[in-house]
Amino acid sequence: MRAALAGLLDGLPPRQAAGAVERLIGSYRGKVPTHAPVLRDRADVAAYAAYRMPATFGAVRAALAALADRAPGLDPDSHLDVGGGTGAAVWAAAAVLGDGGGTSGGRVRETTVVDWAEPALAVGRELAAAAGPAALRGARWRRERIGAGTRLPEAGLVTVSYVLNELAEDDRRALVDAAATAAREAVVVVEPGTPDGYRRIIEARGRLIDAGLRVLAPCPHSAGCPMEPAADWCHFAARISRSSLHRQVKGGSLAYEDEKFSYVAAVRPGEDGGTDSGAGGVPAGARIVRKPQIRKGQVLLELCAGPDPERGGLRRETVTKRQGAGYRAARDADWGDAWGEARDGGRDGTGER
């Protein structure tokens, strides 16, 4: 993907690229929704791809990886990415899930990207054509307005990433409901890791649950979120390696950045309690919701656990050196990892990475 991105800014004056980036920052971090595409022309798309595509890819890849950890049998035969722009989410799906061929019967996963900005779709198609994964090379790119009245085709997996912040409230609700209806197996929604982004995720989470889906990540349960929206918000971070091109467009000097994001991944339960495809999957015993604090002889973990009245909700777990394997696992654990229950009732520290 990076090699393909490098050619996008060829011939584009740096000042024009920087101006487009500044406007995009306002659009993606602002609070004012729009009824028109954010990406207006190829210059916008080139700036967006250099500025946002690696970060969006990293965030969606992390969310999909968390879902795949909890549902290891998940192998959707099709993927619909709504508001996908230049296709970062379908690149992420190919990185996490491959091309298909497991329970999908050996066929390449059908991939469709829907967006209302034709310049973004055109660039996404161009980037995908040079990709290695067959699911990307064969992707369909469809222009359609997103929001109320949108009819989405059925797909095994539906992703909606960094889209809800662009929509008015009624359009957001309609889109989440449409995604829940279209998904045969799973829905993943990703938003910026800000208080506003978290509130949009919480609203989407509630609508997915109301539609009959079951949350698998990041939450270890489908009950109400224990975080107080006015005081805190649930978010995670994906470390993104920044190329020289990326640093040039964004005006930074560091070789990396941390993309903060909030997300929800939910599956459609089958008759046996698993997904209709047989993917199964159960939530983690707990999720690490802050960066672990490593101190001499102990690790402090901030956890969100299930609805258990004694050990559920938000709590701090102290793992000491005396706990052996659990302590070693805690030292290796990262923000956003699952934290499992040990057979003896304590914590074994077995988290998915």
Side-chain angles (χ1 to χ4, degrees), residues 1 56-57 60-116 120-121 124-125 127-129 131-146 150-163 174-190 204 208 211-217 263-271 274-281:
M1 185 178 73
T56 302
F57 169 83
V60 178
R61 180 177 58 181
L64 287 172
L67 171 61
D69 282 335
R70 305 318 307 166
L74 180 68
D75 184 22
D77 61 359
S78 52
H79 175 200
L80 173 66
D81 184 32
V82 185
T86 53
V90 296
W91 284 80
V96 174
L97 302 174
D99 277 332
T103 58
S104 56
R107 294 176 288 119
V108 173
R109 180 174 298 110
E110 295 181 2
T111 300
T112 303
V113 180
V114 176
D115 200 278
W116 53 2
L121 293 171
R125 189 182 299 112
L127 293 173
L136 287 176
R137 295 197 309 273
R140 293 177 296 228
W141 302 80
R142 198 177 86 193
R143 184 173 186 269
E144 184 173 334
R145 185 189 180 280
I146 297 168
T150 298
R151 290 190 175 185
L152 302 178
E154 283 192 358
L157 169 68
V158 178
T159 53
V160 183
S161 57
Y162 294 85
V163 176
L175 176 56
V176 172
D177 292 347
T181 300
R184 291 193 299 270
E185 298 179 45
V187 177
V188 176
V189 183
V190 183
L208 293 176
L213 278 72
R214 179 163 52 95
V215 176
L216 282 193
Y263 77 100
V264 61
V267 297
R268 187 175 302 284
E271 294 180 0
T275 62
D276 288 342
S277 67

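Counting from 1, the numbers follow the sequence of the chain as shown.
Arg140 contributes atom CZ, which lies 9.5 Å from atom CG of Leu80 (distance to the nearest 0.5 angstrom). Here His79 contributes atom NE2 and Thr159 contributes atom OG1; the two are 3.0 Å apart, rounded to the nearest 0.5 Å. Atom CG in Leu67 sits 8.5 Å away from atom OH in Tyr263 (nearest 0.5 Å). Atoms CZ and CD, on Arg268 and Glu185 in that order, are 10.0 Å from each other to the nearest 0.5 Å. For the atom pair CG of Leu216 and CG of Leu74, the computed distance is 9.0 Å after rounding to the nearest 0.5 Å.
Between Val215 and Leu208 there is no side-chain heavy-atom pair separated by less than 4.5 Å. Within the 4.5 Å cutoff, the side chain of Val60 has no heavy atoms near those of the Val96 side chain. Side-chain contact check for Leu157 versus Leu97: some heavy-atom pair is nearer than 4.5 Å. Looking only at side-chain heavy atoms (C-beta outward), Thr181 and Leu152 stay at 4.5 Å or farther from each other. No side-chain heavy atom of Thr111 sits less than 4.5 Å from a side-chain heavy atom of Asp81. Side chains of Val158 and Val82 form a contact here, defined as non-hydrogen atoms less than 4.5 Å apart. Taking 4.5 Å as the limit, every side-chain heavy atom of Arg109 sits out of range of all side-chain heavy atoms of Asp99.
Among all heavy-atom pairs drawn from Ser78 and Gly156, the shortest one is OG-N, 2.9 Å. Heavy atoms only, all atoms of each residue included: Thr86 and Trp141 are closest at O-CH2, 3.8 Å. The two residues Thr56 and Ser161 come nearest to each other via the heavy atoms CG2-OG, 4.3 Å. The two atoms that bring Trp116 and Arg143 nearest to each other are O-NE, 3.4 Å, heavy atoms only. In terms of heavy-atom proximity, Ala204 sits nearest to Val189 at CB-CG1, 4.5 Å. What you find for Ala179 and Val187 is that their closest heavy atoms are O-CG2, 3.7 Å.
Between the Arg142 side chain and the Thr112 main chain, no donor and acceptor come within less than 3.5 Å of each other.
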**OP:** Carefully, step by step, assess Val160 and Val176 under the rule side-chain contact (heavy atoms from CB on, under 4.5 Å).
**Re:** CA-CA 8 Å; Val160 183; Val176 172; over 6 Å; no
